[in-house]
Structures are given as C-alpha cells and as structure tokens.
Amino acid sequence: MSSIRVLNVAEKPSVAKAVAGILSRQGGGGMRVREGRSRFNKIFEFSYTIRGQQCQMFFTSVTGHLMELDFDDRYRKWHSCDPLQLYHAPVVKYVPEDKLDIKRTLEEESRKCQWLVLWLDCDREGENIAFEVVEVCTQANRHLNVWRARFSALIDRDIRESVEALIRPNQLFADAVDVRQEIDLRIGASFTRFQTMLLKDAFHLDFAADNRNVVLSYGPCQFPTLGFIVERYWEIQSHEPEEFWTINCTHNSDEGIATFNWMRGHMFDYTCAVIIYEMCVQEPVATVTKVRQQEKLKYPPHPLSTIELEKRASRYFRISSEQTMKVAEDLYQAGFISYPRTETDCFSQRTDLRAIVQEQQGHPVWGSYAQRLLDPGEGLWRNPSGGGHDDKAHPPIHPTKFSGGESRWSQDHHRLYELVVRHFLACVSKPAVGAETTVEVDIAGESFSASGRVILEKNYLDVYRFESWGGSMIPTYTFGQQFAPTTLTLDSGVTRPPTLLSEADLLSCMDKAGIGTDATMHDHIKKLLDRCYATKDSNTRFSPTNLGEALVMGYDDMGYELWKPYLRAMMESDMKLVSMGAKRKAEVLETCLEQMKACFQDARSNKAKLFEAMEVFFERSGRSGALEQHTGGDIIRRCGVCQESDMVLRQKPDGNFMVGCLGFPQCRNAVWLPGSIAEAAVTTNTCSICTPGPVFMIQFKFRRLDIPHNYNVNHLGCIGGCDEILKQLVEICGTGSRNTSTTPARARGPTTTSSSNQQRNSRQVACTHCMQYGHSSNVCPSQISHSSSARSRDVSQQNGDSSVPCETCGTPCFSRTANTANNRGRKFYSCQSQGCNFFVWVDNLSNSNGGRRAERANARTGGRGRGGRSGRVNAADTTFVSATGDPVSGRRCFVCGDPSHFANVCPSRGI
DNA sequence: GCAAGGTC
C-alpha cells in the first residue's frame, strides 16, 4: 500500500514542534526538520500510521490568523468616502504582506500532498484560522482531503487519540468569527473616522504636541473598558459623605484586650444610635452568649490562567498587564514556563504534576519546600482544585524548566518566574489551617462580637509569600460569663467613596463583561493609555483623562450606551447562536449592521452633544467648520452680554439659522431663529428702536408651507427684541428643524432634556438589549438596574429608598411623604409592622442633628468619660419626638413622650 | 490614520 502524503498545519510553531515530536516518537521513526519560506515556521517530516494507513507527515504552522479583513481599496483612505458608507462598503479578506512567506510555504507543500490536517487551537478563532489555511491550500491543490484534529492538551494520549479520530472542520464556528470581524471593522472604522474628523481639529487638545497625529479611536472593546474607568470616576465624584454612628466596646483582662464590634454594624440615624447607646449605658453589663471555636481553612489559589497572572503581577509587583504578557512571552519562548495565553485554570488528570515539582527541588529558596511537597511523610501534597475554566487548548500556566535565575533576566523576569513557580507549588499544597474563636456578648439586648485567630498550619502559605492570613489573639471567655466593659463608646464615621479602579479591578470588570480575550485584554488597556483616554498612577489606578471623560460624556448625553459592555455582550451571544447554527451568519450581520448604522446616523445628527462635552474640557481651536455657528458670519450688533465680541448671523449644518456671539465658548449668548426660514441676509438697515445700536436688520424669507398663511414669506426683521412677528414665528415654528415629526426641535445642550433624547433615539434605533423598537437601551425594561448613571446630576433620592431600623421594634422603616393638608410633602418614618406605632418626622431628626453632634462631641471630649467606662450621652437637651409626631423636650420616652421612663421600657411596647 | 483577534 502506497503512503499518503499529509500536510499538517498548527496555529503556532511551538505546537507544530510539540505535536510533530509526539507523533514521530509514537511512529517510532526519526524526525527531519527543514526550513520553510518563513524563518519562524519550520517544517517537520516523519512517518506515521493513521488508522492503518501509512502516512508521510509534513508538519508546519501559521502564526495566528493568516488573513486580515479590510475595506476594498476604494474605501481605505479616510476621506475616500462618507464614514456612513463603511456599513455597506465591500470588504476583502487577504493575506497581508508579512504573512506572504507562510502562504507560499503552504501552497508549495499543498501541491505535494493528498491530505490536509488542521491542528489549530480548538476554539472559534482556531476554527476560523483553519478555514483561512484551507482557502490557501485548496487554491494550490483542489484535490486535498481536508481533516481537522481536535485535541485538548499537548500530551501523548490526547494527540494520539485526536489523530485517530479526525473530523471535518466546523464551518459554523468559523462563521461566528467572520461575523465578529466584520462588525468590529465596520463599527470601529466608521466611528473612529467620524469622531476623529469631527473633533481633532476643532479643539486645542492640550495633551498632544501635534493634533495631526491624534486619532480618536472607537472600538467595541476599548470603549467599554474606558467606560468602566469613567463610571468609577463619576461614582467617586458624586459621592456625598454620610455620617454614621456605631457603638464600640472593649474589655481589658489579664490575658489581653478584646475589641467587640456592634453586630448592627453602623447606623445612619443618630437618634436611633443614641437611644440604643443609652440603653447600653444604663445597663453596662456584658453577658457572654456564645463562644464558638472553629477550624478554618484558607485554600491556595486555583492553577494560573492568563488573567490571574496579569492581576496578580499587577497586585504583587505593580507590573502592567502589557509588560506581564511581554515578559511571560519571553519566558515561554525560552522554555521556562508553559504557554502564557490560557483561560484554563485546572490541570488535566494526566498531567504529571510531581515531575514539575521535582524539577524545582534544587532551587536555593523554594527548593526545600518542593522537597517537603514530595515527601509523603510531610503530608503537604494536595491535588489542585480547578476553577472550572478550560479552553481545551492549553494547560494552566506552570513552570516547564528549572531556573535558579538567568543572568540576562530583568527584575520582572525574575519576579514573574518566581510567581509562576510559587503559584504552582501553592496549588498542589494543602490549605492553611487556623483556629478561629468568636465570642458574642449581650449588653442591654444589643449584640456585640469579637473574634481572634491563630494559624495552626501554614502549609501553602509557606511558599506563597504573596498572601498572608492575619491572626490576632483574644482572651478566653466562657458561656454565661459576665463582665463590665472597659470602654463603651458611641463613635461616628463617614462613608467614603470607592477607590479608583486598579489594573486588577479593570481586568476583572472586563473578564466579567466578556470584553476582550485573555490574549487581548492588556492590549485594550494599553490602547486607552496610548490614545490618551486614561492615565495610570503609581498605584496602578486608572483615571479618565479629559478627553476620555468628554467622549464618554458626549455619548452618554446622546442617551447611548456605546461606552457600556452591552453591545459586546449582544455580539457575543449572537456569535454563539451562529456557532450553534441557530442563526445564520448573513442574518446576524444584516440586523446588527443595520442597527449600528442607524445608531451611527443618530450619533452624527447629535454630534453637538460631543461638542458640548468637549467644550467642558477643551478650548475651541477655530480651525474646524464643523459647527459653523461659532465662527465667522455677518455682524448684527455688539454682544450685550460679554460686551466684547460681535453677534453674527450663521447658518448651522442642519440648515437652521441663529445669531451667536463670536466670543464663544467664553460667551454663550445666542438668539435662535425660527426653523421655517429658508433664507436670511444681514442688511445695512438698522433698527430705530433697539439699543444699544446699531442693530442691523435681517431680510428673512420663510418657507410658505412652514408658516401660517396670514404671515408674509418676506420679512425685514430685528433680533434686538422689538420684532413681534419674529417672536410669534419662533413661538409657532420653534427654533429647530422644519419638520418636528421626524427631527424634533432641539435647544442647545443644557436645556435639552435627556427624555427628549431618549425619545428621539427610540424612533430610529432598536434597543441593544432586547432588540425591540420603542425605547433606547438605557431605559430598557429588561435592564433597569443597568440604566442609571452614577453621575451626580442623575442621582435622585426617592421616597422609600433608604431605611432605618424602627427604634421601637427594629423592623426596617422606609421614609414616606405626607399628603395631608397641613403636612403635604413632609417626610416621615413610620413603622409598618403590626402593633408598632413608631412614627417620626424626618425634618425633626435632621434639624436637631447639629445640636446633637455638638452634644456628642462634648460627651466624648468633656470630663464625662472619654476613654473611660461609659461615654454617656447627655440627653437632657435632646429633642425627641413622640409617637404622635409632637416634639417633646428633655429626657423622655422616645415613643410616648413620658418623662418617667425611656423608650426601652415604654409600656406601649408591652414591657 | 480606523477594530479585534490570532501570534513572532
């Protein structure tokens, strides 16, 4: 039987070498290596038998995608077409210049072979690359019999099994990637060209030495990444510190000090806190109600995936994700660590983990730990637990070769290799063991708890020096034991805003939202820095730049969530449907691109929003004619607002006329003219009424059909305030577009309400969440929790949205608003639980807060026990409110107002 | 000059 010549192609040279090595060993024969056209992609030759068929194997590789997608030549230049055309412009898939040598190798080898076996990674991208290879190879030899090998790890058994069970490549998987590529290209290019050409020359971009090189890119991954940064930044900006109160208790004994925390945590209502504090102070005896001793385990981390490597390198060493991937690639190329781009965080059963540990035994620092791991007497070994992710292509990142440190390594190389090794050793180690003691005490019905921990066995913590497990001792307590607290204090604090996102936080956000892949996330982060959309401080925390914030603000003001991850999530779910065969590629492409095109058109018609947002941060340069109303024009009069510049007549891009101050943006004085004007020209006539003069009159020509029939189409008018006809026509026609049913009149920025934006958008674009028309995605009923912006202007405090525990029975009470004749609009808390009659006006609570704070300060710093046993509050001046809502003075019951007792023993509570 | 995805 004659031998079949088989061309095998892997996704990267390392896989070609590894698989060829495994198969040639199994085939029993030797392996020959020869050069291909590309110096990176060698060709391995050996004999092998597939299902009884003698084969002559030729094994080579590509380097990732062989082809690129781009627009047809006619559309590649930025000014070659309207960016809107990019939604339909023809696209071509081609082999770029730097891949031509690989293409030639494939063509030459194909001609010699009968079979083609594709060894691309077993994911959607791999399947797509497979079809690129098929296209090149079958063009050279159309008789090729095409096969796909599916393997999950580069180990003997997997490879042998996959070659015995060859299948056909999966067109649906490849289709899904085609969809993604085309959508990314069209959206990215259209929005990038649009916003760059619109804004770059219109503003003094202070961060750029030369505006000509500035690209304001938009991408479905980079923008949501920027969105995470901006959103957190806005959250911090809009944070309003809120004061809260908590009760703390300490107890000194011969064995040491125990700190007991209030189990309610903290309270935002001072009155509530002080009442409870009073109760504790009245009966300052602590009774131990619970002593719990537990063994606690702290588990080692899961095996290392790319994202975890990036996050941990950032957290432990402050190395950027981009640098981490660079160094990891270096270490991988030199054979010290396994493939660094992997989602997998569990080891295959077949991996020889002990062999990997064995290699590390000689290391001067962690070698002795590796020895302990392998010693059964130590009992330190534990099979690693997986995190449940498996990309079926690569194992978790682990050391593949011992090194005591190479002389050419940088500090980052040393650190990353150490992290990979220590992480691996930790994974196969037992968890740390601790003994935790929790003590709960009761003071006047309030619960407090204290806990302490001692570490019994460090185990993996011995080698994983990056993690610690704080321990603290507490004295011994027994159930029922009573003691007098050493201190019992009512303390205040204020809520703090969240911190800026760290690189590890950002990677987590992206991972959770499915933005980017393990191999590209660091690229998206770097792109934000390169584009000057964000900056990173020395603590690896990200802030948006003015430019980044302005762009997000502009789209947010339009009512669009182009900066949120939902668009990507929708594309991802569509891709999945395509790969499963539930939706056709053409159908998904058509609907998605139609929607994005409508969105693009709408964004373009709302470009004033982007301008307004940019104007918040940047000076206008005056170089752009994009919004003509701000520059040039015939003079009407001197501006009465700034008294420095002239007011000029301008026609806006939408065809409408206005009179604006040349001092814009410093002076925003403007007169908006009726939308029914067809022509307007400044005359030499001056108004005899309006002052200060001269005010030049304008000859208007109105469109007949756009004004009532009793008005003349020709009108010599004045914008100085005297012209009643002009005023009436503004009233009748509005100052916006001619046809309000399709493009409603729109005032400038701040006066435009967000609801009018939403209405406008909803007419043209389907919601990106539910694909329904009639609303935009930021008000989608299916996504309400996503829809509110964190920006302060959008934050509204509504009735019933915050609660305080009822001071009588503890049930959460929500604020409500009175609707009675005397108290309409006044807020109150009223307990809704059955039989409880607690009631208080909110303004009574807040009005008396100032005095109470002073009083509290006095109680804590005055001679009344600061640091002593009882920081008792002087309630003599406190204004309490009775259940009827009437204020009562003095030390009286909070519930019924009776001065003979406090609320904690009020008869109305059945005590 | 534009995207994101492979990889060197």
Side-chain angles (χ1 to χ4, degrees), chain A residues 9-16 38-42 61-71 75-81 83 86-87 89 91 93 95-96 98-99 101-102 120-121 123-133 174 176-198 200-201 208 210-225 306 325-326 328-330 332-334 339-341 391 393-394 510 514-527 530-531 562 567-568 571-572 575 593 596 600:
Chain A
V9 183
E11 189 160 321
K12 42 193 161 279
S14 62
V15 171
S38 149
R39 68 189 180 92
F40 297 112
N41 306 83
K42 316 261 185 236
S61 55
V62 286
T63 44
H65 276 288
L66 184 59
M67 295 179 166
E68 271 177 24
L69 188 73
D70 207 343
F71 295 105
Y75 298 87
R76 284 195 198 180
K77 285 212 173 353
W78 277 44
H79 290 90
S80 65
C81 67
L86 298 179
Y87 286 91
V91 287
K93 227 178 183 188
V95 179
D98 61 340
K99 299 281 174 76
D101 45 7
I102 298 178
L120 287 309
D121 291 357
D123 51 24
R124 283 197 299 240
E125 293 295 334
E127 212 65 20
N128 190 270
I129 300 170
F131 278 89
E132 293 172 358
V133 172
V177 173
D178 283 342
V179 170
R180 200 253 321 135
Q181 285 178 341
E182 196 171 326
I183 294 174
D184 283 348
L185 174 67
R186 293 186 190 277
I187 297 175
S190 58
F191 272 92
T192 301
R193 289 185 192 181
F194 157 65
Q195 61 186 29
T196 304
M197 294 193 287
L198 178 72
K200 173 175 86 164
D201 293 327
D210 183 355
N211 275 26
R212 274 176 304 182
N213 298 327
V214 170
V215 174
L216 305 183
S217 63
Y218 175 88
C221 284
Q222 50 179 279
F223 249 57
T225 307
T306 303
M325 291 314 288
K326 246 186 216 159
E329 180 66 30
D330 251 14
Y332 163 66
Q333 291 292 335
Y339 189 69
R341 287 178 283 276
D391 63 14
H394 308 286
M510 296 169 74
I515 301 298
T517 68
D518 51 342
T520 60
M521 281 184 189
H522 67 275
D523 280 338
H524 301 312
I525 295 175
K526 182 169 181 289
K527 187 151 275 173
D530 291 347
R531 296 278 190 234
L562 290 167
L567 176 66
R568 195 71 190 170
M571 279 168 60
E572 185 59 37
M575 273 173 71
L593 288 174
M596 283 311 297
F600 179 80

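We name chains A, B, ... by the order of the sequence lines, and we start the count at 1 in each one.
Summarising the geometry, the separation between CG on A:Leu185 and C1' on B:dG1 is reported as 14 Å, rounded to the nearest angstrom. Taking atom CZ of residue A:Phe191 and atom P of nucleotide B:dA4, one finds them 13 Å apart after rounding to whole Å. The CG atom of A:Asp178 sits 15 Å away from the C1' atom of B:dA3 (whole-angstrom rounding). Taking atom CG of A:Asp530 as the reference point, atom P of B:dG1 lies 16 Å away to the nearest angstrom. In this structure, A:Ile515 places its CD1 atom 9 Å from P of B:dG5, rounding to the nearest Å. For the pair A:Met575 CE and B:dG5 P, the computed distance is 9 Å after rounding to whole Å. For the pair A:Asp101 CG and B:dT7 C1', the interatomic distance rounds to 14 Å; values are reported in whole Å. Rounded to whole Å, the distance from CD on A:Glu572 to P on B:dA4 is 14 Å.
Considering only side-chain atoms of A:Asp184, the nucleotide from B:dT7, B:dA3, B:dC2 that sits closest is B:dA3. Closest approach to the A:Ala519 side chain among B:dG1, B:dG6, B:dA4 is made by B:dG6 (side chain taken as heavy atoms from C-beta onward). Among the nucleotides B:dA4, B:dG6, B:dC2, the one closest to the side chain of A:Arg180 is B:dA4.
Both tests do not hold together for A:Lys93 against A:Phe131: distance to the six-membered ring centre under 6.0 Å, angle to the ring axis within 45°.
Of the possible polar contacts, none joining the A:Arg568 side chain to the A:Gly516 backbone as a donor-acceptor pair under 3.5 Å is found.
Side-chain N/O atoms of A:Arg568 include one lying less than 4.0 angstrom from OP1 or OP2 on B:dG5. Close to B:dT7, at under 4.0 Å from its OP1 or OP2, lies a side-chain N or O of A:Tyr339. Under 4.0 angstrom from either OP1 or OP2 of B:dA4 there lies no side-chain N or O belonging to A:His65. Distances shorter than 4.0 Å separate none of the side-chain N or O atoms of A:Thr196 from OP1 or OP2 on B:dC2. At the phosphate of B:dA3, neither OP1 nor OP2 sits under 4.0 Å from any side-chain N or O atom of A:Thr192. Phosphate proximity of B:dG6 to A:Thr517: present, with a side-chain N or O under 4.0 Å from OP1 or OP2.
Among the atoms of the strands shown, none is found under 4.0 Å from any heavy atom of A:Arg186. As judged by a 4.0 angstrom heavy-atom cut-off over every strand, A:Pro83 is placed among residues making no nucleic acid contact. Contact annotation for A:Arg39: no contact, since no heavy-atom pair falls under 4.0 Å across all strands. Contacts of A:Asp70 with the nucleic acid, taken as non-hydrogen atoms under 4.0 Å apart, include base atoms. At a threshold of 4.0 angstrom between heavy atoms, the contacts of A:Gln222 are confined to the sugar-phosphate backbone, with no base atom among them. Here A:Asp121 lies in heavy-atom contact (under 4.0 Å) with sugar-phosphate atoms only. Heavy atoms of A:Phe223 sit nowhere under 4.0 angstrom from any nucleic acid atom. Within 4.0 Å (heavy atoms only), A:Ser190 reaches no atom of the nucleic acid at all. Across all strands shown, A:Ile183 has no heavy atoms under 4.0 Å from either base or sugar-phosphate atoms. Residue A:Lys527 is classed as a sugar-phosphate contact, given heavy-atom separations below 4.0 Å to backbone atoms only. If you check every strand for non-hydrogen atoms under 4.0 Å, A:Arg124 touches nothing. Contact annotation for A:Gly126: no contact, since no heavy-atom pair falls under 4.0 Å across all strands.
In terms of position along DNA chain B, the nucleotide closest to A:Tyr75 lies nearer the 5' end than the nucleotide closest to the other residue of the pair A:Glu11 and A:Tyr75. Along DNA chain B, the nucleotide nearest to A:Tyr218 and the one nearest to A:Asp123 differ in position, and the one closer to the 5' end is contacted by A:Tyr218.
Taking every heavy atom of both residues into account, A:Asn41 and A:Val62 meet most closely at ND2-O, 3.2 Å. The minimum heavy-atom distance between A:Leu86 and A:Cys81, with the atom names listed, is CD2-SG, 3.8 Å.
We find the NZ-OG distance between A:Lys42 and A:Ser61 to be 10.0 Å, quoted to the nearest 0.5 Å. Here OG1 of A:Thr517 is found 7.5 Å from CD of A:Glu125. Values are rounded to the nearest 0.5 Å.
Residue side chain A:Trp78 meets the stacking definition with respect to B:dG1: its ring centre sits within less than 5.5 angstrom of the base's six-membered ring centre, and the planes differ by less than 30 degrees.
A:Thr63 contributes a side-chain N or O that forms a donor-acceptor pair with the base of B:dC8 under 3.5 Å.
Test A:Val15, A:Val133, A:Ile102 against A:Val9 for side-chain contact (heavy atoms from CB on, under 4.5 Å) and you get one pass: A:Val133.
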